[in-house]
A.B. asks: 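After the structure tokens below, expect a handful of questions from me.
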Amino acid sequence: MNVADSERLSSALGSVGFEESEDIRNSNISIVNSCVVRQSSEDKVTAKVDQLSIEKRKNQEKIIVLMGCMVGPKTTNLEARFPDVDLFLQPQNYEPLIQLLYEKKGIDKEGCLSNLDVKPRISSFVPVSHGCDKFCAFCIIPYRRGREISREIPVVVDEVKKLASNGVKEITLLGQNVDSYGYDLPEDLTLADLFESLHEIDDIERIRFLTSHPIDMDIRIINSIASLPKVCESINLPFQSGSNNILQTMRRGYSREEYIELINIIRDKIPNVAMSADVIVGFCGESESDFEDTIDLIEEIKFDKLHTAIYSERPGTIAQRKMKDDVKMSDKQRRYKTLNDIQEKIQGEINSKLLGQIFEVMIEGKRREKTFGRNRHDKIIYTNTSELKEGDIVDVKIDYAGPWAMKGEVINL
């Protein structure tokens with residue numbers, strides 16, 4: 001979501017004469033888009049703003065902007081913490097920056113705000129909803145991005161048509177909880193209805209979506225993924241913990257058994273689906289027994305990908321206010337490594353079964369003189385040639401399969 005926000009703002013500023021600079025320290029305007037989902041993310045933001053503040057003291061004409069999830073409704077503490085920052089922007093609230101640039105640089109306000117579209121490329125992110133109503137104990141996002149608000153289907157369709165006309169072939173629909181799309185709209189609409197509308201756009205080849213919540217992954221969405229050829233058979237469904245005790249403490253709203261049942265339904269309806277998930281280790285009160293439950297769940301389900309995070313306390317969350325961060329860092333790090341080691345083995349086993357199979361790959365770029373792309377299951381595949389260009393869609397026969405990437409021979413060049 002932050003990438004999408006940054007792209008839109010960059011495109012808008014570019015439309016009124018600004019050019020993107022590779023040198024953030026010496027740029028006229030330096031915008032830091034913050035993430036606070038983990039302490040390490042916030043530490044990086046703080047370091048970057050501190051670096052920019054040094055440059056601003058040398059050049060008072062420089063404008064520094066801090067935007068994103070670090071910025072809440074009240075900025076008094078941030079203003080005291082970062083006195084050299086000119087402006088603090090909450091997520092998706094670009095207008096104060098446009099007003100500031102109008103006052104200092106004389107830009108066309110209306111022209112800028114009317115160009116919040118991403119730069120043309122093969123694959124683009126498309127936010128379809130903002131905010132979250134779940135209020136999980138560990139998460140600060142609902143407090144920073146607000147309650148869930150869905151963009152109406154005609155608005156999203158119009159944006160995607162514009163992207164398609166500029167050469168975009170693949171879109172990823174974004175939301176903090178994308179599966180709850182439409183719940184706040186007056187009509188009885190779900191993400192499935194949005195899939196169906198976007199599926200009719202001729203030049204769009206693939207539709208992906210992030211991020212889902214098990215509570216809102218209903219049968220209509222599952223059936224639409226199964227029946228619509230453009231919607232990729234790749235689902236990210238965070239479970240966060242395999243322990244019912246920790247799930248309840250986290251306020252996730254489902255049990256371990258309900259999560260496993262949902263996975264079974266998805267795999268029954270979409271037999272070739274690739275499942276990925278997010279998990280947190282070391283949450284408040286997590287015992288060795290709780291951690292073993294998480295290991296058991298991972299080994300039972302066997303995800304294609306697993307995004308593991310070490311719990312870090314976030315000020316303002318329910319966990320920070322009402323719970324104790326009582327798991328030792330050494331235990332958190334050990335559990336983190338254990339899960340990653342297990343998952344690496346699982347991914348290796350899953351991918352090894354793909355040797356000799358042929359996949360449709362959309363080329364994204366080049367690394368080490370080899371072109372690479374992803375298949376519909378979001379797996380990275382390198383090719384045996386450097387002759388392909390971004391956006392080419394080719395069939396590749398897999399001749400090597402590792403846990404993190406595969407490579408193969410293009411058979412229809």
Side-chain angles (χ1 to χ4, degrees), residues 123 125 170-174 178-179 191 195 205-214 217 221-226 228-242 254 256 259-281 293-309 336-364 372-383 395-408:
S123 179
F125 296 119
E170 176 184 283
I171 57 170
T172 300
L173 308 181
L174 298 178
V178 72
D179 284 354
L191 185 63
F195 283 157
E205 302 283 347
R206 292 179 177 178
I207 300 171
R208 302 185 188 275
F209 61 105
L210 290 170
T211 291
S212 301
H213 192 292
M217 176 60 77
I221 296 173
I222 297 170
N223 285 338
S224 67
I225 299 169
L228 296 173
K230 292 184 181 180
V231 181
C232 292
E233 306 86 357
S234 175
I235 299 176
N236 176 259
L237 195 65
F239 67 95
Q240 306 300 7
S241 175
Y254 54 84
R256 162 198 183 92
Y259 182 87
I260 293 174
E261 181 182 4
L262 178 57
I263 293 288
N264 291 335
I265 292 171
I266 291 172
R267 284 178 168 166
D268 179 62
K269 297 287 185 181
I270 315 169
N272 62 335
V273 69
M275 296 298 308
S276 63
D278 300 356
V279 60
I280 296 172
V281 297
D293 286 343
T294 295
I295 292 176
D296 290 343
L297 187 145
I298 290 170
E299 291 181 333
E300 177 177 349
I301 292 178
K302 298 188 185 304
F303 295 98
D304 290 77
K305 291 182 184 178
L306 187 67
H307 310 288
T308 308
Y336 176 82
K337 183 179 186 305
T338 297
L339 288 193
N340 285 338
D341 289 345
I342 292 172
Q343 180 60 26
E344 182 174 5
K345 181 180 178 182
I346 290 172
Q347 287 182 200
E349 292 171 350
I350 291 174
N351 289 349
S352 67
K353 297 176 182 178
L354 305 179
L355 281 168
Q357 294 191 32
I358 298 171
F359 292 100
E360 179 188 84
V361 176
M362 181 179 291
I363 300 302
E364 296 181 9
F372 74 94
R374 296 175 191 267
N375 65 2
R376 292 176 59 88
H377 298 108
D378 201 34
K379 294 180 185 288
I380 297 175
I381 299 176
Y382 288 85
T383 76
D395 291 330
V396 178
K397 184 176 182 180
I398 304 301
D399 56 31
Y400 166 81
W404 310 111
M406 297 181 285
K407 68 180 182 68

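We're numbering straight along the sequence, starting at 1. Fair warning: this is a prediction, and the values are worked out from it, not measured in the lab.
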A.B. asks: Hey, are the side chains of Leu354 and Phe359 touching, using non-hydrogen atoms and a 4.5 Å cut-off?
C.D. replies: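 Yes, at least one pair of side-chain atoms sits under 4.5 Å.
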A.B. asks: Can you give me the closest heavy-atom contact between Gln347 and Phe303, atom names plus distance?
C.D. replies: CG-O, 4.3 Å
A.B. asks: For residues Ile260 and Asn264, determine if any side-chain heavy atom of one lies less than 4.5 Å from a side-chain heavy atom of the other.
C.D. replies: yes
A.B. asks: Measuring only between side-chain heavy atoms, which start at C-beta, is Ile295 closer than 4.5 Å to Leu339?
C.D. replies: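 Yes, close enough: below the 4.5 Å cut-off.
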A.B. asks: With salt bridge (charged side-chain N to carboxylate O under 4.0 Å, His left out) as the test, pick out the partner of Glu233 among Arg376, Lys269, Arg267.
C.D. replies: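 One option only clears the test, and that one is Arg376.
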A.B. asks: Hey, what do you get for CD1 (Ile266) to CD1 (Ile235), rounding to the nearest 0.5 Å?
C.D. replies: 4.5 Å
A.B. asks: Are Ile346 and Lys302 close enough that some pair of their side-chain heavy atoms sits under 4.5 Å apart?
C.D. replies: yes
A.B. asks: With rounding to the nearest 0.5 Å, note down the distance linking CG in Leu237 to CG in Leu262.
C.D. replies: 5.5 Å
A.B. asks: Are any of the side-chain heavy atoms of Met275 and Ile263 separated by less than 4.5 Å?
C.D. replies: yes
A.B. asks: Would you please name every residue forming a side chain to side chain contact (heavy atoms under 4.5 Å, CB included) with Thr383, sequence neighbours left out?
C.D. replies: Ile363, Thr371, Thr385, Leu388, Val396, Val410
A.B. asks: If you define the side chain from C-beta out and look only at heavy atoms, does anything of Leu306 sit under 4.5 Å from Val279?
C.D. replies: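 Result yes, sub-4.5 Å side-chain heavy-atom pair found.
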A.B. asks: Enter the distance from Ile342:CD1 to Glu299:CD here, rounded to the nearest 0.5 Å.
C.D. replies: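 Interatomic distance, Ile342 CD1 to Glu299 CD, rounded to 0.5 Å: 5.0 Å.
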A.B. asks: Looking at Ala405 and Tyr400, what are the two nearest heavy atoms and their distance?
C.D. replies: O-CE2, 3.9 Å
A.B. asks: Would you call Thr294 and Ser241 a side-chain contact if the rule is heavy atoms closer than 4.5 Å?
C.D. replies: yes
A.B. asks: Of the non-hydrogen atoms in Val273 and His377, which two are nearest, and what is the gap between them?
C.D. replies: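 Closest heavy-atom pair between Val273 and His377: C-CD2, 4.3 Å.
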A.B. asks: I'd like to check Gln357 versus Asn375 (side-chain heavy atoms, cut-off strictly below 4.5 Å). Are they in contact?
C.D. replies: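 No; the side chains remain at least 4.5 Å from each other.
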A.B. asks: Would the distance check show the side chain of Glu364 and the main-chain N or O of Ile380 forming a donor-acceptor pair, the cut-off being under 3.5 Å?
C.D. replies: no
A.B. asks: How many angstroms lie between atom CD1 of Ile398 and atom CE of Met406, to the nearest 0.5 angstrom?
C.D. replies: 4.5 Å
A.B. asks: State which residues pass side chain to side chain donor-acceptor pair (under 3.5 Å) with Lys230; sequence neighbours excluded, sorted by chain then number.
C.D. replies: none
A.B. asks: What distance do Ile381 atom CD1 and Glu360 atom CD have between them, rounded to the nearest 0.5 Å?
C.D. replies: 10.5 Å
A.B. asks: Do Lys305 side-chain atoms and Asp378 backbone N/O form a donor-acceptor pair below 3.5 Å?
C.D. replies: yes
A.B. asks: How close do Arg206 and Arg374 get, counting heavy atoms only, and between which atoms?
C.D. replies: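 Closest pair (atom of Arg206, atom of Arg374, distance): NH1-O, 2.9 Å.
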A.B. asks: Side chain to side chain contact (heavy atoms under 4.5 Å, CB included) for Glu344 and Trp404? Distances and angles first, verdict last.
C.D. replies: CA-CA 8 Å; Glu344 182 174 5; Trp404 310 111; 3.6 Å; yes
A.B. asks: Mind listing the closest non-hydrogen atom pair of Ser224 and Phe195 along with its distance?
C.D. replies: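 In terms of heavy atoms, the two residues are closest at OG-CD1, 3.2 Å.
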A.B. asks: If I compare all heavy atoms of Met217 with all of Ser212, which pair ends up nearest, and what's the gap?
C.D. replies: CE-OG, 3.7 Å
A.B. asks: Heavy-atom count around Tyr254 OH within 6.0 Å, excluding the residue itself: above 12?
C.D. replies: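 Yes, because the 6.0 Å sphere around OH of Tyr254 holds more than 12 heavy atoms from other groups.
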A.B. asks: Rounded to the nearest 0.5 Å, what's the gap from CZ on Phe209 to SG on Cys232? Could you check?
C.D. replies: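 Atom-to-atom, Phe209:CZ and Cys232:SG are 9.5 Å apart.
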